[in-house]
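Quick note: numbers below take in every heavy atom, side chains included, and nothing from hydrogens, waters or symmetry partners.
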Amino acid sequence: MSHGLNLFFSVLIVFVLTQLRALVAVSNEPQVPCYFIFGDSLVDCGNNNELVTAAKANYPPYGVDFPEGVTGRFTNGLTIADIIGQLLGFVKFIPPYSTVTDQEISTGVNYGSGGAGIRDESGTELGDCVSFNRQLDNHADIISRLSLLQNNKTYTNEYVKKCIYLSNIGNDDYIDNYLMPNNYPTSHMYTTDQYAAVLLRQYSQQLTTLYNLGARKIAVFGLGVIGCTPAEIARFGTDGRPCVNSINNAVNQFNVRLKPLIHQLNNNFSDAKFTFINFTSVSAPEGDVTLPAKPCCQLRGDGQCVPNSIPCPDRDSTIFYDGFHTTELSNIAVATRAYTGLSPTDASPYDISHLAQL
Ligand SMILES: *[C@@H]1O[C@H](CO)[C@@H](O)[C@H](O)[C@H]1NC(C)=O
Ligand SMILES: *[C@@H]1O[C@H](CO)[C@@H](O)[C@H](O)[C@H]1NC(C)=O
Ligand SMILES: *[C@@H]1O[C@H](CO)[C@@H](O)[C@H](O)[C@H]1NC(C)=O
């Protein structure tokens, strides 16, 4: 009897240890083999550093809270894309396309570029940037490099289907295009409603291109509440309201069209899993806190930090780092909710944690 019990416990302990080891092994591995990032300054991790443009953040006080210091990230610490990468289990940050090596490409590449838009001309008043079309060209280049390295087309096709793809683009089609009537003709050509439709027609083609390059798990972020950024508030005024409502209304016309577009893409490509992340919803503060929309650093005329200026000490209770970009604190809140939806409006049809498991 006692012998039998001992045996039972030994078996149980071996079983538990095996399970534990399996768990540890799992937690050392990312949930998906690879993660590709497309978008604008909210996800850029250094692609603009060597470009001739004002839209780069490779100087202090950017990166003041980042482990490696200044990298070109437009915030004090981690970006939304970095944090989602950590939640997916990636130990290292996904490297920028501008410096990525063949050894690194199989875990993913970050193509994000400050100022970039759905339209090629967006952001060009600041200088060069890598538009979404060019980011897709760069991705085609990466896929052929990966295919050469893996030396088995079937394998590569199956491999890239398992990756998570994140797209955060369109903010600069407003900030650095439509809202600058002296630099760009779009606001003279289109009403806000027409502009949203034109942008989404192009975005739909671009997302289809991404699908044709093998992407199957694609998280598409809607636009942020651009009318609540300190830089736009300073430029346009608010008539005593907290935000520039005309901008938020224009941007909302894009968002309300984006969600059904994502569902249409899922219907048309039955083996694809596109999902809409509602930026307005995932960036909504929990509870009744309304922190003032004041930037943390001293601003240049274009809304970025003055080089080498001293950032505010209370970065753990400030929403905005510069005139447009949020602090790491805000980025953690947004990324965590995009990953694990809290409210039914956060993500549709899946949050990113479910997208990874599909
Ligand atoms: C290529 O990859 C496929 C899918 O992983 C595998 O079944 C096949 O055996 C591989 N072919 C060669 C020649 O290694
Ligand atoms: C989906 O397919 C329909 C019918 O072929 C087409 O009219 C529509 O443009 C497609 N939409 C997308 C987003 O691919
Ligand atoms: C996004 O979420 C907000 C709630 O925070 C909701 O009012 C809005 O309708 C949602 N937008 C879309 C396009 O689903």
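Across N138 and Y97, no two heavy atoms sit closer than the pair CG-CE2, 3.3 Å. In terms of heavy-atom proximity, Q304 sits nearest to A54 at OE1-O, 3.2 Å. Summarising the geometry of G108 relative to C34, their closest heavy-atom pair is N-CB, 4.3 Å, with the distance given to 0.1 Å.
For D351, the side-chain hydrogen bond (donor to acceptor under 3.5 Å, both in side chains) partners at least two apart in sequence or on another chain are S353, H354. In this structure, P242 has no side chain to side chain contact (heavy atoms under 4.5 Å, CB included) partners at least two apart in sequence or on a different chain. For T156, the side chain to side chain contact (heavy atoms under 4.5 Å, CB included) partners two or more places apart in sequence, or in a different chain, are L146, S147, Q150, V160. Judged as a side-chain hydrogen bond (donor to acceptor under 3.5 Å, both in side chains), and not counting sequence neighbours, E328 has no contacts. Contacts of C296 classified as disulfide bond (SG atoms under 2.5 Å apart), with partners at least two apart in sequence or in another chain: C312. For D102, the side-chain hydrogen bond (donor to acceptor under 3.5 Å, both in side chains) partners two or more places apart in sequence, or in a different chain, are R145. By the side-chain hydrogen bond (donor to acceptor under 3.5 Å, both in side chains) test, N58 pairs with no residue at all, sequence neighbours left out.
Ion pair D193/R257 flagged as a salt bridge, since at least one NZ, NE, NH1 or NH2 atom sits closer than 4.0 Å to an Asp/Glu carboxylate oxygen. Salt bridge R119/D176: absent, no basic N to carboxylate O contact under 4.0 Å.
Both tests hold for R73 against F93: distance to the six-membered ring centre under 6.0 Å, angle to the ring axis within 45°.
Applying the salt bridge (Lys or Arg N to Asp or Glu O under 4.0 Å) rule to pairs touching residues 156-175 yields nothing, sequence neighbours excluded. Residues in residues 36-58 take part in no salt bridge (Lys or Arg N to Asp or Glu O under 4.0 Å) pair, two or more places apart or across chains. Residue pairs meeting the salt bridge (Lys or Arg N to Asp or Glu O under 4.0 Å) criterion with at least one partner in residues 86-96, sequence neighbours excluded, do not occur; the list is empty.
The aromatic rings of H139 and Y111 lie perpendicular to each other, with more than 60° between the two planes, well past the 30° mark.
In this structure, the ring of F254 has its center no less than 6.0 angstrom from the ring center of Y195.
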Residues 217-228 side chain polar contacts: donor-acceptor under 3.5 Å, at least two apart:
unit_1: K217; atom_1: NZ; unit_2: L355; atom_2: O; d: 3.3
unit_1: K217; atom_1: NZ; unit_2: A356; atom_2: O; d: 2.8
unit_1: K217; atom_1: NZ; unit_2: L358; atom_2: O; d: 2.7

Please set out all donor-acceptor pairs under 3.5 angstrom arising from side-chain atoms of residues 61-70, sequence neighbours excluded.
unit_1: Y62; atom_1: OH; unit_2: C305; atom_2: N; d: 2.9
unit_1: Y62; atom_1: OH; unit_2: D322; atom_2: OD2; d: 2.6
unit_1: D65; atom_1: OD1; unit_2: R315; atom_2: NH2; d: 3.1
unit_1: D65; atom_1: OD2; unit_2: N76; atom_2: ND2; d: 2.6
unit_1: D65; atom_1: OD2; unit_2: R315; atom_2: NE; d: 2.6

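S330 places a side-chain N or O within 3.5 Å of a backbone atom of I319 that can act as its donor or acceptor partner.
Checked options F36, F274, Y35; the residue passing with Y165 is F36 (criterion: ring pair (Phe, Tyr, Trp, His ring centres under 6.0 Å)).
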